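The structure appears right after this line, and notes come after that.
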Amino acid sequence: MSEVLDVAKKDGRWVECPSCSEIIITRKLQENLWVCHHCNHHFRLGARDRIDMICDRGTFDELRAGDYSGDEAPEEAIRAGKASIGGKPCFLGVMDFSHKGGSMGTALGQRIVQLMNAAEKDKLPLIMFCASGGVRIHEGIWGLFQMLRTVHARDKITGSPLITVFTDPTTGGVTASFASLADILLAEPGARIGFAGPRVIQTVFHSELPEGFQSAETLLANGFLDSIVHRRDLKDTLSFFLRWF
Ligand SMILES: [Zn+2]
């Protein structure tokens with residue numbers, strides 16, 4: 001929600017689109033699922049908004065986090081639970097970039113493993129909405145271990161399909177671990193998906209990067225994604241895929 005909050009400054013009745021600079025009435029933007037009417041820019045969403053948008057009303061049931069109940073669980077950059085989408089049950093993980101850049105630390109890695117194990121146990125599909133700056137590097141090697149840990153958990157899932165939805169931005173160790181190992185890879189339009197950021201790459205290689213570098217559209221054109229889905233079509237698309245399983 002951070003990008004939304006940033007632009008909906010002061011009284012919040014008007015929002016400036018960070019892509020086309022159009023001034024939009026916040027209420028209209030909200031009605032349009034936080035997508036700019038003028039340029040189709042998909043604003044970043046918080047986990048709660050995403051869950052409300054995707055799940056059938058009132059069906060999201062948060063998984064207990066270890067010894068904590070859903071309400072008492074330590075705040076993390078992910079909401080994890082069981083839900084129904086278009087009448088089909090599934091497990092759902094929604095990462096939240098506004099919490100520490102959606103970084104994957106030990107607790108977040110644990111939640112992802114927990115989701116995968118629950119999906120495998122119940123033989124239900126798992127949908128992961130990814131939004132992350134990568135590994136929570138201030139946890140040091142324990143942060144990096146989460147890549148290994150989530151990939152290992154993903155490898156053990158044999159009976160449950162994994163669907164990843166890349167949202168803006170998904171980078172670093174999340175792209176480079178479980179997120180890219182899904183059976184179906186979807187993205188929102190314009191999402192940045194990559195490993196190192198463009199400034200780092202440009203500095204290392206001393207060369208100009210091509211237009212659309214690390215955009216969902218470029219990744220689709222090069223075969224790294226199955227589809228780019230507009231936010232208004234996401235729920236229908238996911239329920240379509242869920243009917244397969
Ligand atoms: Zn715009």
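Read the numbers this way: they start at 1 and go in the same order the structure lists the ligands and their atoms. This is a predicted model, so every value here is computed, not measured.
Here C20 meets the criterion, with an N, O or S atom under 2.8 Å of the Zn ion (ligand 1). Between the Zn ion (ligand 1) and C36 there is an N/O/S contact shorter than 2.8 Å.
Around NE2 of H38, the count of heavy atoms belonging to other residues, nucleotides or ligands within 6.0 Å exceeds 12. The number of heavy-atom neighbours closer than 6.0 Å to CD of E211, taken from other residues, nucleotides and ligands shown, is 12 or below. Other residues, nucleotides and ligands contribute at most 12 non-hydrogen atoms within 6.0 Å of the CZ atom of R192.
Geometry about the Zn ion (ligand 1) gives an angle of 110° between SG of C17 and SG of C39, rounded in steps of 10 degrees.
A salt bridge does not link E22 to K28: none of the charged nitrogens lies less than 4.0 Å from a carboxylate oxygen.
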